[in-house]
Amino acid sequence: MTGDPLYIDGVDLTDLGIMAVKVLVAFTFLLVATMFMVWFERKLISDMQNRIGPNVAGPWGLLQTFADGVKFFFKEDLRPENADPLVFRLAPYISAVTAFLSFAVVPIGGSFGGGSSGTVTIFGRETFLQVADPPIGILLLLAMSSIAVYGVMLAGWASGSKYPLIGSVRASAQAISYEAALGMATVVVVILAGTLSTHGIVAAQSGGFSRWFLVSSGIVPFIVFLIAATAELNRPPFDLVEAEQELVGGFHTEYSSIRFALFFLAEFMNVITMSAIMVTLFFGGPAGPIFFGMTWFWPTVWFLLKVLAFLFVFVWFRATLPRLRYDQLMHLGWKLLIPLILFWLMFISLKELRATHDWNWLATYGAAFIALAVGASLLIAGLRAGDRAYQKELEDV
Amino acid sequence: MGYLDGFKVTFMKLFEERVTTEYPKEKRPKPPRFHGRHVLNRYEDGMEKCIGCELCAGVCPAKCIYVRGADNPETEPVSPGERYGYVYEINYLRCIHCDLCVEACPTEAITESKLFEFSFANRSDAIYTKNELVVDDEGLPQRQPWELWHEGDDLATSGWMRATSPSGNPDYQNRVGWSGELGYGTRKPEIGQRDIDDHEKNGNSPEEYGESEDIR
């Protein structure tokens, strides 16, 4: 099975059994993790606001999400008169399914260092600790995060109501703007790893902290990715899509009962998945020191700890940063993040090319510098011209 | 650090004390002049203080009090005077807890307790009659089945607003409650007040201390 993710050599019952177990484990893990993520977020944000947070349902309020879920099930499922019946029902499932699918390619364990290739042996078969390892794993992730926008977009459009429509229009514009930066930050990692497979990316980072792409890509792609991912997740400070204060609830205003719960589930599941992707791309996935020779146990622990750290960061963002205005959002995305990551992409590509083709050091980085200077001055000139035009427009009004 | 200062602020909040009071489980002490539901007080000998004068009903801006006085029965009088409150009803769907009735009452009969957690399943329950309002034989408010009480809530509930602050002046330095109350006796002075009886006992006259400083 190792190295044969597409089952070219045929499938037998053991393979199917292992696959079923992995799917089941991943599914359950995601559901339970989402449940506790909601609890974690509510508890942490209340800690950061000098409050107590949920503490009634279960010990420390741990079962609060479960109670909310049960409540959602028993609520009336409303559909507005103007809503498009089919699309209105379809939208939450698009959101939820894509949220589940993205996680399938994330390696959640396995020891990669020192000759081992991240496999564990189950039922006499060597297998990766991830549901699937398609050769195009990263593309699948990007595709899923794009399709997830359809869920939001269709939900807003099909609701037949104005606030959801505004929310979903914002969502699509925001997702398109930031997906460019997100995608290019991923491309930097792909160039360094030389593979699109998530397993390959993790394997390329094995062998110590300095091999992590966080370090070897020079931190900037990670920061761009983190900001763009926050925007992709529609989380504060980029939560214009929901914007409770102005749009009631944004795209899910008209949703109730279990359909609303599905959006909620997808949203928090995406937070977990995005954290897992960031760990995979920049933090070496399950890499970490292994104690007591339990090679199958420690990598998973390290992976979970790293994901938890990112969940903390996302909640921290929410507690700290006020929501951006719409023009600020576009400004940050188009005028700052995309030029920055474009330049970084060029720089990393040149660096890799120089290493493989043994180009002259001065010529390579001189060309990079000239390109930066030309690009930056063009950009600044363009921005200034835009500002002048805007000012003139204001004066005319 | 510019933009990142905020992150430090929110992070340090993690280690600060929580400000939440978990309300139904724990309660903050209420202010001494809290306006809760009313009680009809009785003298220390068990006689009712209400004389059925209807001043409270007259002053009530929400028109929620209904009083009818009657002559005291000669054989077993209800109140020490000539008349007593025969019917006394307060409609809590209308009451705004302004305490004007307490200020109007010439005998400190009606005062407000600190109880406020009462809700009703029907409108007739919202009308408290004399049966519910009058204090029990211990001088404590009577508990109604629809009221949420916690231990100690009924203690120190009887009010003494009018006697301690004429014209709404809380700094009034004079006699604190002119009559004893069943279960409580005479109230102690509040902060900023002096008890005239105490001075009389010690041979001092209250004028010695001068007029209270008018802070309003």
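Letters A, B, ... are given to chains in the order of the sequence lines, protein chains preceding strands, and every chain is numbered from 1. FYI, side chains are in, hydrogens and waters are out, and symmetry mates aren't considered; it's all heavy atoms of this structure.
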**Item:** Heavy-atom neighbours of Tyr92(B) OH exceed 12 at 6.0 Å
**Value:** yes
**Request:** Would you mind reporting whether Asp47(A) and Phe15(B) have side-chain heavy atoms less than 4.5 Å apart?
**Result:** no
**Prompt:** Any sub-3.5 Å donor-acceptor pair from Arg18(B)'s side-chain atoms to Ile52(A)'s backbone N or O?
**Reply:** no
**Asked** Is atom CG of Asn122(B) surrounded by more than 12 heavy atoms (other residues, nucleotides or ligands) closer than 6.0 Å?
**Response** yes
**Message:** Given heavy-atom pairs under 4.5 angstrom as the criterion, report whether the side chain, backbone, both or neither of Glu22(B) touches chain A.
**Reply:** side chain
**Asked** When you look at OH of Tyr326(A), are more than 12 heavy atoms from neighbouring residues, nucleotides or ligands closer to it than 6.0 Å?
**Response** yes
**Item:** Closest heavy-atom pair and its distance - Met48(A), Lys13(B)
**Value:** O-CB, 3.3 Å
**Complete:** In terms of heavy-atom contacts, Thr320(A) and Phe7(B) come closest through CG2-N, 3.4 Å
**Prompt:** Of the backbone (N, CA, C, O) and the side chain (C-beta and beyond), which part of Leu321(A) lies under 4.5 Å from a heavy atom of chain B, both, or neither?
**Reply:** side chain
**Request:** Could you tell me whether the side chain of Thr20(B) reaches within less than 4.5 Å of the side chain of Asn50(A), counting heavy atoms only?
**Result:** no
**Message:** Students often mix this up, so state it plainly: with edges at 30° and 60°, are the rings of Phe312(A) and Phe11(B) parallel, tilted or perpendicular?
**Reply:** perpendicular
**Request:** Give, for atom OG1 of Thr10(B) and atom CZ of Arg318(A), the distance between the pair rounded to the nearest 0.5 Å.
**Result:** 13.0 Å
**Item:** Neighbour count above 12 (heavy atom, 6.0 Å) for Phe120(B) CZ
**Value:** yes
**Request:** Give a yes or no on this: more than 12 heavy atoms of other residues, nucleotides or ligands lie within 6.0 Å of atom NZ of Lys8(B).
**Result:** no
**Asked** Around atom CH2 of Trp60(A), are there more than 12 heavy atoms of other residues, nucleotides or ligands at under 6.0 Å?
**Response** no
